[in-house]
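Below is one structure; the comments refer to it alone.
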Amino acid sequence: MHAYDFRVIERKWQAYWADRQTFRTPDPGEPGFDAGRPKSYVLDMFPYPSGKGLHIGHPLGYIATDIVARYRRMRGFNVLHPMGFDAFGLPAEQFAVEHNVHPRITTERNIETMVGQLKLLGLSYDWDRAIQTTDPAYYRWTQWIFLQLYASWFDPAAGRARPVDDLTAELAAGRWHVAAGGALVLPGDPEGRPWADLDPAARRAAVDGQRLAYLAEVPVNWCPALGTVLANEEVTSEGRSERGNFPVYRRPLRQWMLRITAYAERLLADLDDVDWPEPVKLMQRNWIGRSTGAHVDFPVDGTDAVITVFTTRPDTLFGATYMVLSPEHPLVDRLTTPDRRAEVDAYRAAAAGRTEIERQAEAKVKTGAFTGAHAVNPASGERIPIWIADYVLMGYGTGAIMAVPGHDGRDFDFARAFGLPIVAVVRPDDAWLAEQAAVAGRPGGLGDYLAHIAEYPEPFTGAGVGVNSANAEVSLDGLATADAKRAITAWLAASGRGRAHVQYKLRDWLFSRQRYWGEPFPILHGPDGEIRPVDAADLPVTLPDMDDFQPEGSDDPDAPPRPPFGRAPEAWRRVTIDGRAYERELNTMPNWAGSCWYYLRFIDPHNADALVDPARERYWMAGHGVDLYVGGVEHAVLHLLYARFWHKVLYDLGHVSTPEPFGRLFNQGYIQAYAYTDRRGVYVPADEVEERDGAFFHAGEPVRREYGKMGKSLKNMVTPEDIVERYGCDTLRLYEMYLGPLDASKPWSTRDIVGVSRFLNRVWRAFVDEATGDLRVVDAPAGADLERALHRTIAKVTDDLDGLRFNTAIAALIELTNALTALDALPRPVAAPLCLMLAPLAPHLAEELWQRLGHAESIAYAPWPAYDPALLVEDAVEVVVQVLGKVRGRVVVPAGFDAAAVEAAVLADDRIRAHIAGRPVRKVVVVPGKLVNIVTG
RNA sequence: GGGGCGGUGGCGAAAUGGCAGACGCAGCGGACUUAAAAUCCGCUGGGGUGAUCCCCGUGUGGGUUCGAGUCCCACCCGCCCUACCA
């Protein structure tokens, strides 16, 4: 027998590639490097080495990038296609705690399993470049980048990061003054004080306050059950931890922060320069959340305190009838009058004790408390009450608002709940007025609206025309909202009562975690609060050896954080330098840190002197950085935003050559699967379920079908090993790609695999006589039709692979192969291109057939077949003929016929004439080579 | 509440505004076989019809166009993101 034996073939070629190092990629300057070729960096989002192993859905993107990498090698590119592991993180730590094994051991074991599974798929990674974020040789550079962040500040004038030493020099030279809050201001600013007037502590605070990595006492998401704080992005909208779904509480803690907000504008603007899916760009834009408006200062009546608010609607300032502070606002204590003290304190305590989920549930009902204090509306001069309410968040803007109940839904609800005055300062359009009046059962008209705004069901929040908005110096009456905004902002600025402001939703990145299994900070704490970065030469700061690395979880929301490093050996914790005793930073970095820059390390993974060699970085990142980055949408915001931020800092400091890391991003869809539950609601093994007449049965009992993720718990998991064993890896690769478009989610169906399996068998039989094992290939030209079909296929497959449309590329190859089955022998001019086109998709089979065609070298670097455009044009074309848009016949005309000739030929056709049925022909639309539409009267 | 993506045969899916359903699965019929598997050939959206041909058909209702699965408007359904962001 000489049938297609995928087991033998796949084992043979995987061994061949490994032995010959077929996919080892030489770098610039190395032997074998060809500078004459263009480069292509094809990257997967590297995985977390989970203990559960891969199921059939995980490698979807890896197969796709492998096809692209192989295709581009054949197109003459130098291709960088690496793989590694994002191995720090909570699951490994939790598993380690449960099973009392060191996370390093479980991590190593998981990686080994995963590498084995990946190698089974015949992926053409350069495995010499494999990296693990947990390797001290790797996280040494993660720590090094942190030191760069610590030693840098964001120069607002230059719009980029610069070394902190430059800042000190500029302060000393008087270029900047320092305002009360530590902000840098220009020398003319009345708030600023010159460097010379500052004492050493103030100077240090001023500089530390500008660093891109800084310590701050901030309200954080404290998760007692996990024993750690979490980033906003790790907390669900229900106010629970994304991992484990435990309650999360807000409380102030001193933590490391990264100043990503300094880059908000550039992170937003540079999205225009990358080729990414529009939804991902949109998610990032929303996350950054830029809004323009103004800061407005409200003096507090009877004190010298000023409450500054941010508003996007300064044009409604005359309608601000009260103010609201967040319950956590620092001025609340000072403002509250003695008679309101008890109520305010009770409200604040209740707000602090509520979890996010509870606040969420009560969001529809407005609650609050009056402080007893009043502010003065700077435009109207009115005395307005100051309230606190938890609908105002401390984390956004200034933590205080001016409430304009006439033109804001939340303020409107609040004002109605507490009987606060509502006035109209924007005139709505007539349609809105009429509609709302009808709903309210009011007579309608502008006069009624202005007099009885509180009786209307909802406030007008759109753009209109100003009314009731004038004082002695400025009038917004009659101005359209956009003009009114400009006018009032100009007046605020001129009179010193406010200024234009751009506000971002993006917050600084909370960078501390109370965990063991993460990168230690390269930071030492001195006895007097001194912060001393570890000398770069002393990196890495390795993880301490510990037997008990368990985070201390608690049910008590008030329990203090106890990082595991607090129990590390003295010898690790205490460091003496020049006679001064330091204690190491006890927190670790979040597990996003390692994935922020791994794509750079792949370029130069073994470099002991730099995170990446500049010449290699310039070569592989040339153009727009990574040329194709494939991964799931779940990383749309966090990973991709953090990595862009780090990259921009490294760019500003001259360590990388491009402003953006990932020039092109593609999100692969998910492979989902059916799962089945029996009468008790228990999952039954999906592969034992039978379908009969549209219903589903397990062991004779009816079961209910669900659709969702693949996994052990749903008993619907299919592993790559299962499929490779039964059908071979080439079939698996082909099937995953044939399932549908790469970016779509689609259901797995093991039953359908036979289709592509049959296809590969047909390819085999086209090349090899199964009875004799002889090659069926002959050195004879292909017939004209077959030649034409071949060239059409090459054109189609080339175009489809360029566009990542693997499903239709495979369909085209199936069609071509189906045309070969009737042939007695396979002409070599068809056999070779078919083999080449198959090589990226089903590389093992292609290698085997290529070798049998007589080639001594691997097909991996053989040139991609070209097509002859002349052969894509038919001699004669069949033109569809429509009468009044309905297909009524077909006419074959020579390809060269012009519109008039086609029209004449069509109108001469008897059957078409019959359909025209003597009616006058009003118009004839001719689409050359395609279609004719006859419009009759 | 706001935003995004999608809805095409029994199933997965194709289709630069130009023959809807390529290709595959499943199904039906046939060839080969003692038989089965494998393989090969044919049919396969629905309805009517002797052939032939006709009518209907891309979630629903409108619109633009000689012509709409594709573009526009409104609505229904599903999935995803986001959510008191001032």
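All chains are named by letter (A, B, ...) in the order of the sequence lines, taking the proteins before the strands, and each is independently numbered beginning at 1. These figures come from a predicted structure and were not determined experimentally.
- As the counterpart of B:rC43, B:rG27 is assigned, both hydrogen-bonding distances of the Watson-Crick or G-U wobble pattern falling under 3.5 Å.
- For the OP1/OP2 pair of B:rG18 and a distance below 4.0 Å, the side-chain nitrogens and oxygens of A:K930 include no atom meeting the criterion.
- Counting any heavy atom pair closer than 4.0 Å across all strands shown, A:N807 reaches sugar-phosphate atoms only and no base atom.
- Side-chain nitrogen and oxygen atoms of A:N667 include none within less than 4.0 Å of the OP1 or OP2 phosphate oxygen of B:rC80.
- One atom, CG of A:L739, and another, P of B:rC25, lie 14 Å apart when rounded to the nearest Å.
- Here the separation of B:rG1 from B:rU64, taken at their C1' atoms, is 33 Å to the nearest Å.
- The base of B:rC11 is not paired with the side chain of A:R751 by any donor and acceptor separated by under 3.5 Å.
- Using a 4.5 Å heavy-atom cutoff, the side chains of A:L826 and A:F767 are in contact.
- A 3.5 Å limit on both hydrogen-bonding distances identifies B:rG18 as the Watson-Crick or G-U partner of B:rC66.
- Among the protein residues, A:Q882 comes within range of the nucleic acid bases, having at least one heavy atom under 4.0 Å from a base atom.
- Between A:H407 and A:F460, the ring planes are perpendicular. Angles over 60° get that label, and only those under 30° would be called parallel.
- Put simply, A:K281 has no side-chain N or O that comes within less than 4.0 Å of OP1 or OP2 on B:rC81.
- The gap from the C1' atom of B:rA51 to that of B:rA26 amounts to 31 Å, rounded to the nearest Å.
- Taking atom OH on A:Y735 and atom P on B:rG12, their separation rounds to 11 Å, with Å as the unit.
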Before you tell me yes or no, could you show the steps for A:F414 and A:Y322 under ring pair (Phe, Tyr, Trp, His ring centres under 6.0 Å), namely the whole-Å CA-CA distance, both residues' side-chain angles and the distance that decides it to 0.1 Å?
CA-CA 10 Å; A:F414 190 83; A:Y322 64 100; 5.6 Å; yes
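- Comparing the same atom, C1', in B:rG50 and in B:rC40 gives a spacing of 32 Å after rounding to whole Å.
- The side chain of A:R758 sits closest to B:rA26 out of B:rA13, B:rA86, B:rA26.
- For A:N933 and B:rC66, a side-chain-to-base donor-acceptor distance below 3.5 Å is present, hydrogens and geometry of angles not being considered.
- Out of B:rC5, B:rC40, B:rA13, the shortest distance to the side chain of A:R762 is found at B:rC40.
- For A:K366 against B:rC84, a side-chain-to-base donor-acceptor contact under 3.5 Å is present.
- For A:V887, taking side-chain heavy atoms from C-beta onward, the closest of the listed nucleotides B:rC19, B:rA86, B:rC25 is B:rC19.
- Spacing of C1' atoms, B:rG17 relative to B:rC11, comes out at 29 Å, to the nearest Å.
- Nucleotides B:rC56 and B:rG62 place their P atoms 15 Å apart, quoted to the nearest Å.
- The separation of B:rG46 from B:rG57, taken at their C1' atoms, amounts to 7 Å, rounded to a whole angstrom.
- Nearest nucleotide to the A:L282 side chain, out of B:rG4, B:rU39, B:rC84: B:rG4.
- In terms of phosphate contacts, A:T821 brings a side-chain nitrogen or oxygen within less than 4.0 Å of OP1 or OP2 of B:rC41.
- Contact annotation for A:H915: backbone-only contact, meaning every heavy-atom pair under 4.0 Å involves sugar-phosphate atoms and none involves a base.
- Across the P atoms, B:rU33 and B:rA37 are found 15 Å apart, a figure rounded to whole Å.
- Residues A:T261 and A:Y504 have side chains that never bring a donor and an acceptor to within less than 3.5 angstrom of each other.
- Distances from the side chain of A:K746 to the nucleotides B:rC23, B:rA13, B:rC5 place B:rA13 closest.
- Salt-bridge formation is detected for the pair A:D799/A:R805: a Lys NZ or Arg NE/NH1/NH2 atom is positioned less than 4.0 Å from an Asp or Glu carboxylate oxygen.
- Shown here, B:rC5 forms a base pair with B:rG78; the pair counts as Watson-Crick or G-U wobble because both key distances fall under 3.5 Å.
- Shown are A:T817, A:T821, A:N818; of these, the side-chain hydrogen bond (donor to acceptor under 3.5 Å, both in side chains) with A:R762 is made only by A:N818.
- Separation of the P atoms belonging to B:rA68 and B:rG18 is 11 Å when rounded to the nearest angstrom.
- Look at A:Y738 and you won't find any side-chain N or O under 4.0 angstrom from OP1 or OP2 of B:rG24.
- Among the atoms of the strands shown, none is found under 4.0 Å from any heavy atom of A:N286.
- Atom CD1 of A:I916 is separated from atom C1' of B:rC66 by 14 Å (rounded to the nearest Å).
- Remark: side-chain polar atoms of A:W287 are not paired, donor with acceptor, to backbone N or O of A:L638 under 3.5 angstrom.
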